[in-house]
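A short worksheet on the structure shown next.
Side chains included, hydrogens not; waters and symmetry mates left out as well; all remaining heavy atoms used. Chain letters run A, B, ... following the sequence lines, proteins first, then strands; residues in each count from 1. Since we're looking at a predicted model, the values are computed, not measured.
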Amino acid sequence: MLKGGLYPSVRFPQMEAYELTRYSIFSLIKQGLIRHTGWKRAWRNPEPKAAYDVIIIGGGGHGLATAYYLAKLHGIHNVAVLEKGWLGGGNTGRNTTIIRSNYLLDPNAHLYEHSMKLWEGLSQDLNFNVMFSQRGVLNLCHSKAQTDAFARRGNAMRLNGIDAELLSRDEVRKRIPELDFSDQVRFPICGGLLQPRGGTARHDGVAWGFARAADQRGVDIIQNCEVTDFIIEGGRVTGVETTRGKITAGKVAMAVAGHTGVLAQKAGLTLPIESHILQAMVSEPLKPLLDTVVTFGAGHFYISQSDKGGMVFGGDIEGYNSYAQRGNLPTLEHVISAGVSMMPCLSRVRMLRSWGGTVDMTMDGSPIIGKAPIEGLFINGGWNYGGFKATPGSGWVYAHTIANDAPHPLNEAFTLERFARGRLIDERGAGANPALH
Amino acid sequence: MTGQPWRLENGGHIDRSCSLSFAFDGKIMEGHPGDTLASALLANGTHLVGRSFKYHRPRGIFSAGVEEPNALVELRTGNRQEPNSLATTTELFDGLEASSQNRWPNLRFDFSQANGALSRFLPAGFYYKTFMWPANLWLTYEHFIRKAAGMGIASRESDPDRYESRSAHCDVLVVGGGPAGLTAAMTAAEIGERVIVLEQAPHFGGWLRREKRTIDGSPAMDWVDAVSTRLSAMADVRVLTRTSAFGYYDHNMITAVERVQDHVPKSDPFLPRQRLWSIRAKRVVLATGAVEQPIAFPENDRPGVMLAGAARTYINEYGVLPGRMAVLQTNNDNAYRSAIDLLDAGARVTAVLDVRDHVDGHLPNQVRDRGVPILQGYGVVETKGYFAIRQVLARPLVGGPVRRYDCDLLCVSGGWAPQVHLHSQSGGKVVFDAEKGCFLPSEARQNCVSIGSAAGLFTLKDCLKGANGDDVPEQAIKPTWSLPNAPGRHGKRFVDFQDDVTAEDVALAHREGYVSVEHLKRYTTLGMGTDQGKTSNVIGLAIMAKLKGQNIPAVGTTKFRPPYTAVSMGAMAGRAVGHHFQPLRRSPMDNWHHDNGCKWVDAGLWRRPHFYTRPGEDVNSAALREGRTVRAGVGIVDVSTLGKIDIQGPDAAELLNRIYVNGWKKLAVGKARYGVMLREDGMAYDDGTTSRLSENHFIMTTTTANAGPVLAKLEYYLQAVWPELRVQVACVTDQYAAIAVAGPKSRDVMQRLIDLDISNDAFPFMAAAPCCFAGIAGARLFRISFSGELAYEINVPADYGQAAWNALLETGREDGVGVYGIEAMSAFRIEKGHVAGPEINGQTTIGDLGLGGLQSEQKHNIGKSLAIREGLIDPARPAVVGLVPVDGKTWIKAGAQLVENPDAPPPVAMLGHVTSIAYSGELNHPIALALLSGGKERAGEELYAAFPLRNEAVRVRVVSPHFVDPDGERMRV
Ligand SMILES: Cc1cc2nc3c(=O)[nH]c(=O)nc-3n(C[C@H](O)[C@H](O)[C@H](O)COP(=O)(O)OP(=O)(O)OC[C@H]3O[C@@H](n4cnc5c(N)ncnc54)[C@H](O)[C@@H]3O)c2cc1C
């Protein structure tokens with residue numbers, strides 16, 4: 001499905017400069033000898049121009065990936081990414097970095113699997129090590145009914161060409177003996193669904209890698225530039241107002257995650273999205289304790305260990321809608337009690353930091369990627385708990401949609417209109433209830 | 001005391017009369033009650049305690065508190081092993097075992113110290129630039145990176161200790177038990193406020209314990225003892241030591257963890273190890289003090305380099321001499337107190353290096369008078385020594401010749417950073433005070449106030465009220481963050497000791513454009529260690545500001561995220577772990593099931609009998625036997641877990657009309673009806689029978705899984721959407737035991753136990769009535785059937801559930817009554833084609849489920865308008881169908897996908913999936929229900945139930961889902 005090879009790669013002046021410090025073990029050694037004084041900026045810090053072909057609002061992973069693929073695959077280089085704060089400061093730099101394509105429903109399976117394939121070559125493509133670690137994602141199940149539901153999903157994955165394995169209790173135990181296999185357990189582990197190709201990546205690295213690669217292809221990355229309004233003329237979006245002045249554009253594309261609802265409101269759109277707080281936590285750094293991403297099936301809890309050694313984990317959203325990037329204690333207590341119940345040795349491990357991100361929850365739990373009902377405006381949002389894994393895939397289909405004014409088959413189903421038409425993509429059957437997604 | 005060569009003869013708040021033995025890296029040493037592990041190690045002459053994260057540099061004890069970046073150890077062993085424990089806050093107890101970490105094979109000889117030699121090739125973020133080729137090798141690289149990273153080793157066993165949580169309320173919560181906190185607490189307590197005081201250390205006093213100060217002419221600790229004793233005795237005051245406030249949440253809630261038993265050798269099983277406090281206060285007083293900041297000079301990380309305040313803490317609090325020959329590097333007067341205390345304790349101070357050009361303060365002059373050279377405008381340019389510092393090289397900051405000073409201790413002070421952490425967490429802002437060179441709390445967002453040194457007020461006068469401390473005037477500090485290398489030299493200037501972030505790393509981040517505070521942190525890992533940058537964040541920020549040519553406030557501040565100090569996950573989880581993770585719900589007949597050989601199955605929080613074992617049986621044969629008993633005569637099953645909601649009021653029928661898709665207004669009193677409700681988005685939600693007990697009184701049943709959510713939904717609509725409806729709802733699930741009695745002989749058995757005429761004419765199918773059952777008043781009888789057989793459901797008050805169950809078994813004995821479990825019950829419903837959880841899965845409409853005909857056209861109900869959206873009435877939608885194996889014997893697996901050709905290359909088109917499976921006792925072969933796209937039209941077609949996870953595909957025929965008694969005659973006889 002990757003058409004990268006079909007497009008000519010265009011060279012930009014700044015590309016030459018960066019060629020000088022292409023990242024590799026050799027450049028690292030060379031720079032080491034001159035005490036790293038020769039490294040260039042990872043991306044420029046340009047003043048915004050008055051006009052661009054495409055403006056992307058939001059310098060998270062999705063916005064940056066979109067800019068990169070617009071330039072790389074669609075020959076559109078006159079692009080600005082406008083970020084109100086620092087790159088990756090939204091959910092990209094706050095998430096628990098789980099990457100998987102273990103989806104039941106066809107549209108999700110195809111989109112996330114496409115993304116997975118892009119992840120598999122991303123570090124080389126970007127010349128930036130995003131530390132994509134395919135250590136496997138294991139979903140634990142605790143009852144016959146849950147096992148059946150997991151089997152349904154796993155079988156669908158296999159039939160869609162995605163890797164999946166159904167593990168027995170003993171197979172799970174062999175992999176992770178630290179899970180609670182005692183008789184003191186409330187919900188014994190029956191087995192699990194494993195996606196071996198799933199894993200994690202370094203979230204900040206993803207934002208920086210895309211930023212650097214997009215910048216090399218001519219994209220202007222502009223931080224500290226908040227979009228405050230849309231300029232709409234004759235029913236068409238022609239630009240944006242920002243804290244650094246007015247900027248016009250042929251097309252404007254939103255990629256603002258937790259702020260999708262409020263930003264769309266400025267264009268007069270009310271979206272089926274609610275913003276909620278999702279907390280994440282990290283422990284003190286430990287020597288390797290857990291080699292796989294594990295999700296609990298008897299409560300909402302997921303965990304992995306970062307390369308630095310911290311146990312990174314999270315669970316439920318907070319009880320009410322909010323834009324504050326912080327959560328409260330009860331959710332933490334609840335999430336951690338699930339964690340310690342799943343893996344009792346975590347009890348003596350200390351939580352080092354906790355934080356919150358504003359997640360954009362849609363009413364069926366799946367994202368919206370496509371044209372907005374206003375000419376020239378595009379929407380990418382509603383990523384719920386899980387948009388990090390979509391980053392390259394989302395940018396790839398979004399760039400296609402923007403470049404062609406029409407969705408790619410991979411994101412055809414993810415329209416805004418699907419809610420009016422009842423073409424829901426409700427992976428969990430939870431309905432319009434973000435707390436259950 | 002011979003074993004403790006660095007222990008002072010006098011002073012310190014330790015008990016010399018008692019010796020405690022402890023082990024560090026297997027070496028047995030001694031200390032005293034009152035020691036921390038760090039002070040005891042120093043008393044034994046051990047400075048080298050750890051290795052840094054990245055370069056594995058030897059590191060010593062740097063501080064005397066929670067800010068410690070270096071002295072991290074693995075504490076205890078086995079299932080109580082705790083990595084990354086701070087030697088500086090760990091109280092010594094007899095038998096304590098600790099070991100150094102992040103080194104192999106041992107602390108003195110660590111293979112990974114080679115990283116240090118390669119350090120010039122491993123700058124900040126080096127991993128982003130390499131390890132990319134060949135692509136498939138990253139997992140291998142990562143394996144080694146992960147092994148090298150991390151710090152301590154966590155136990156892999158279950159934690160044997162117990163944790164508790166408590167809530168409390170008060171008028172004034174004081175965080176910090178130093179002079180400012182104690183004064184505030186006493187002031188509030190004296191006017192009758194309910195006060196709670198938290199102190200993270202084992203004792204009150206804060207810095208007063210660590211210095212030789214006087215209050216009102218007496219030793220300051222006399223004042224501390226007097227005030228804390230008085231506070232403890234006051235009725236409305238609660239004082240908690242060993243209690244760290246770590247989080248400040250919305251609505252003035254502070255969370256704290258109390259270390260109840262971390263300091264005792266053998267834990268008391270009746271006490272928790274730690275206790276989590278959630279305290280909601282009207283007003284919060286933050287008296288959290290300040291943490292001394294170092295200065296990043298070249299090679300500032302050797303063992304023996306110590307914060308100046310820590311040096312005098314070891315002398316004054318613990319009676320330990322941290323060095324015999326000391327050099328002090330400072331930018332402020334306060335640090336001279338350490339020089340004085342060192343001199344008083346008998347150490348030599350070979351030089352004080354002060355970055356200020358003109359030093360003439362009260363304290364410096366005392367030091368000068370004692371013959372110590374004070375070198376003004378001087379800074380360290382190099383240090384010597386590997387496992388311990390030996391020598392300091394210093395030079396005028398403006399340039400000039402280098403001087404050398406031998407030493408075994410280098411004290412450093414760059415001033416003080418108020419601990420604004422909790423203030424910031426509460427939403428409060430911080431401002432940079434350029435004169436004091438630190439961030440101060442400003443505008444608060446919640447009802448809280450910062451006082452004392454937490455507010456940048458560093459004198460005793462600012463902390464005390466009605467008492468006088470021995471403050472001396474101090475000359476201004478000269479904010480200084482880093483000192484340069486001598487020309488041509490490249491000594492590492494560590495900003496963040498733990499993560500080995502140097503001033504050069506900050507410069508690299510700047511060069512590469514990672515200039516925002518968060519990028520700086522994330523790119524270099526500055527402040528990301530276990531100490532969360534308590535001694536490094538401000539310095540890193542200041543260096544970046546200088547590189548950018550901006551002032552510090554323009555660069556911004558880092559976000560303070562909870563917790564202030566790391567908290568064990570056990571304390572956060574409290575009692576809700578293991579078996580207590582969630583409550584276990586048991587039916588009133590639970591004991592009987594248990595005693596009669598039942599195998600349990602979890603159903604939400606409930607446990608239900610799956611089947612009752614007999615020797616030699618498995619689940620299938622047991623369920624078949626149980627089913628046969630029912631079909632041949634009569635069987636009983638415990639259905640107490642079904643949700644029961646009592647609905648009363650003049651508008652009760654109207655409420656049901658709005659909730660269910662079918663009509664309820666015309667349901668006669670004494671009748672039951674099956675109902676289905678939709679979710680707001682039009683999907684099927686829950687089903688069950690609801691009976692009219694009187695004109696205005698209904699009893700609704702829900703599925704076990706949705707009992708809570710349906711009640712919540714009713715409550716929500718009644719309170720928020722239709723407050724005008726005169727109706728009340730109450731959950732009565734736990735108030736009644738429910739038993740289904742099924743089989744051709746069920747009427748005979750029931751009739752013998754009940755005071756009603758239940759002949760088919762008098763009590764037909766779907767009748768409902770209150771009754772007296774087996775002598776139990778207040779019972780209710782329903783003639784409903786989930787099994788498809790002639791059946792009744794009897795509800796009795798929960799306390800009489802067992803009596804009713806016994807009565808049925810007793811009375812039914814002659815009819816061969818048997819008990820059956822969920823497996824047999826489920827087989828009945830599958831044979832009947834009744835949908836349940838696997839079909840009503842949140843993704844199906846009532847049309848899909850074959851229940852579309854129930855939707856009333858006469859009225860509106862929740863979900864109705866969205867249920868007619870194009871996507872929900874698409875003819876291609878799935879429908880419930882039955883499946884049988886074409887070979888008549890192979891089991892079909894639940895979760896299999898229905899496909900035409902399982903061997904086609906992916907993606908294979910999926911037509912539906914198998915939802916429920918059973919062995920039909922009546923048909924004598926396996927059967928299944930499935931959701932199949934265009935279901936009904938496919939009757940007779942053959943497909944594959946593909947289960948690629950097990951490399952299986954079963955050839956199946958599509959049939960009607962009503963396998964047995966399709967017209968439902970049996971239940972109506
Ligand atoms: C705690 C947590 C854990 C998560 N865990 C996972 C996980 O394990 N796996 C996974 O796949 N996903 C996870 N997610 C979800 C994932 O992080 C997000 O879906 C994804 O990162 C969204 O990326 P983005 O680029 O769309 O948004 P963001 O990274 O949030 O970027 C949006 C950017 O838009 C900017 N912006 C907003 N408004 C404006 C404006 N008016 N003008 C200019 N700029 C603006 C913001 O500052 C922000 O930088 C998690 C999320 C959270 C909060």
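- With a threshold of 4.5 angstrom between heavy atoms, A/Ala420 approaches chain B through N, CA, C or O but not through any side-chain atom.
- Residue B/Val517 does not touch chain A at all, counting heavy-atom pairs closer than 4.5 Å.
- Taking all atoms of both residues into account, the shortest heavy-atom contact from B/Arg679 to A/Asp426 is NH2-OD2, 3.5 Å.
- Side-chain rings of B/Phe581 and A/Phe301 stay apart, their centers remaining 6.0 Å or farther from each other.
- Pairing each heavy atom of B/Gln897 with each of A/Ala156, the nearest pair is NE2-CB, 3.5 Å.
- Contacts between A/Leu104 and chain B at a heavy-atom distance below 4.5 Å involve the side chain alone, from C-beta outward.
- For A/Trp43 and B/Tyr514, the distance between ring centers is under 6.0 angstrom.
- With contacts defined as side-chain heavy-atom distances shorter than 4.5 Å, the pair A/Arg421/B/Arg869 does not qualify.
- Contact annotation for A/Asp291: both backbone and side-chain heavy atoms come within less than 4.5 Å of a heavy atom of chain B.
- Contacts between B/Ser278 and chain A at a heavy-atom distance below 4.5 Å involve the side chain alone, from C-beta outward.
- For B/Ser826, no part sits under 4.5 Å from any heavy atom of chain A, backbone or side chain.
- For a residue to count as touching a neighbouring chain, one of its non-hydrogen atoms must lie under 4.5 Å from one of that chain's; by this rule B/Met572 touches chain A with backbone and side chain alike.
- Put simply, the side chain of A/Gln124 never gets that close to the backbone of B/Trp133: no donor and acceptor are under 3.5 Å apart.
- Ranked by heavy-atom pairs under 4.5 Å with chain A, the first of B/Gly513, B/Ser155, B/Pro563 is B/Pro563.
- For B/Asn136, no part lies under 4.5 angstrom from a heavy atom of chain A.
- Heavy atoms of B/Thr255 lying under 4.5 Å from chain A belong exclusively to its side chain.
- Separation of atoms CZ (B/Phe947) and CG (A/Leu159) is listed at 11.0 Å; rounding is to 0.5 Å.
- Judged by distance alone, with hydrogens and angles left aside, the side-chain atoms of A/Asn155 form a donor-acceptor pair with the main-chain N or O of B/Gly895 at under 3.5 Å.
- When atom types are taken as modelled, the side chain of B/Arg511 and the backbone of A/His36 share a donor-acceptor pair closer than 3.5 angstrom.
- A/Phe26 does not touch chain B: none of its heavy atoms, backbone or side chain, sits under 4.5 Å away.
- At least one side-chain heavy atom of B/Phe121 sits less than 4.5 Å from a side-chain heavy atom of A/Leu33.
- Of the atoms belonging to A/Ala164, heavy atoms from both backbone and side chain fall under 4.5 Å from chain B.
- Both the backbone and the side chain of B/Leu872 come within contact range of chain A, with heavy atoms under 4.5 Å apart.
- Ranked by non-hydrogen atom pairs under 4.5 Å with chain B, the options A/Phe419, A/Phe150, A/Trp355 are led by A/Trp355.
- For B/Leu508, the part sitting under 4.5 Å from any heavy atom of chain A is the side chain, from C-beta outward, and nothing else.
- Between the side chain of B/Gln843 and the main chain of A/Glu427, a donor-acceptor pair closer than 3.5 Å is present.
- Side-chain contact between A/Arg353 and B/Met528: present, with at least one pair of heavy atoms (C-beta onward) separated by less than 4.5 Å.
- At a threshold of 4.5 Å between non-hydrogen side-chain atoms, the residues B/Gln425 and A/Arg326 do not count as touching.
- When heavy atoms are compared at a cutoff of 4.5 Å, A/Val185 approaches chain B solely by way of its backbone atoms N, CA, C and O.
- Within the 4.5 angstrom heavy-atom criterion, only side-chain atoms of B/Thr525, from C-beta onward, approach chain A.
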List the steps, then state whether side-chain contact (heavy atoms from CB on, under 4.5 Å) holds for A/Arg135 with B/Glu142.
-> CA-CA 10 Å; A/Arg135 51 181 72 179; B/Glu142 188 185 44; 2.9 Å; yes
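- Judged by distance alone, the side chain of B/Lys129 and the main-chain N or O of A/Ile25 form no donor-acceptor pair under 3.5 Å.
- Atoms CG and OG1, on A/Leu352 and B/Thr565 in that order, are 10.0 Å from each other to the nearest 0.5 Å.
- Using a 4.5 Å heavy-atom cutoff, the side chains of B/Val601 and A/Lys144 are not in contact.
- Judged purely by distance below 3.5 Å, without hydrogens or angles, the side chains of A/Arg202 and B/Tyr128 pair a donor atom with an acceptor atom.
- Taking CD1 of A/Ile176 as the start and CZ of B/Arg156 as the end, the distance is 11.0 Å to the nearest 0.5 Å.
- By the 4.5 Å heavy-atom criterion applied to side chains, A/Gln223 and B/His519 are counted as neighbours.
- Between the CG atom of A/Asp364 and the CG atom of B/Asp681 there is a distance of 9.0 Å, given to the nearest 0.5 Å.
- When all heavy atoms of B/Leu605 and A/Arg186 are compared, the closest pair comes out as O-NH2, 2.8 Å.
- Contact between A/Pro285 and B/Thr530 at its shortest, heavy atoms only, is CD-CG2, 3.7 Å.
- With a 4.5 angstrom heavy-atom cutoff, B/Gln532 touches chain A only via side-chain atoms.
- Expressed to the nearest 0.5 Å, how far CE of B/Met132 lies from CG of A/Leu126 amounts to 9.0 Å.
- With a 4.5 Å cut-off on side-chain heavy atoms, A/Arg348 and B/Arg273 count as touching.
- Contact of A/Gln184 with chain B is made through backbone and side chain together, with heavy-atom distances under 4.5 Å.
- The salt bridge (Lys or Arg N to Asp or Glu O under 4.0 Å) search around A/Glu120 returns A/Arg197, not counting sequence neighbours.
- For B/Pro948, the parts sitting under 4.5 Å from any heavy atom of chain A are the backbone and the side chain alike.
- Using a distance-only test at 3.5 Å, with no hydrogens or angles considered, no donor-acceptor pair links the side chain of B/Asp602 to the main chain of A/Ser143.
- Among B/Ala896, B/Gly837, B/Gly529, B/Gly682, the residue with the largest count of heavy-atom pairs under 4.5 Å with chain A is B/Gly529.
- Proximity to chain B (any heavy atom under 4.5 Å) is shown, for A/Asn224, by neither the backbone nor the side chain.
- Crowding of A/Arg428 atom CZ: a count of heavy atoms from other residues, nucleotides or ligands under 6.0 Å not exceeding 12.
- Residue B/Ala909: no heavy atom, backbone or side chain, is found under 4.5 Å from chain A.
- Heavy-atom distances place no part of B/Glu504 under 4.5 Å from chain A, backbone and side chain included.
- Looking at B/Asp505, neither its backbone nor its side chain comes within 4.5 Å of chain A, counting heavy atoms on both sides.
- The CZ atom of B/Phe246 sits 8.5 Å away from the OG atom of A/Ser354 when rounded to the nearest 0.5 Å.
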For B/Leu72 and A/Glu284, run side-chain contact (heavy atoms from CB on, under 4.5 Å): C-alpha distance rounded to whole Å, both residues' side-chain angles, the deciding distance at 0.1 Å, then the answer.
-> CA-CA 11 Å; B/Leu72 272 55; A/Glu284 295 181 343; over 6 Å; no
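- Between B/Tyr141 and A/Asn129 there is no side-chain heavy-atom pair separated by less than 4.5 Å.
- Minimum interatomic distance between B/Pro907 and A/Asn160 (heavy atoms only, all atoms of both residues): CB-OD1, 3.4 Å.
- Heavy atoms only, all atoms of each residue included: B/Ala576 and A/Ser337 are closest at O-CB, 3.0 Å.
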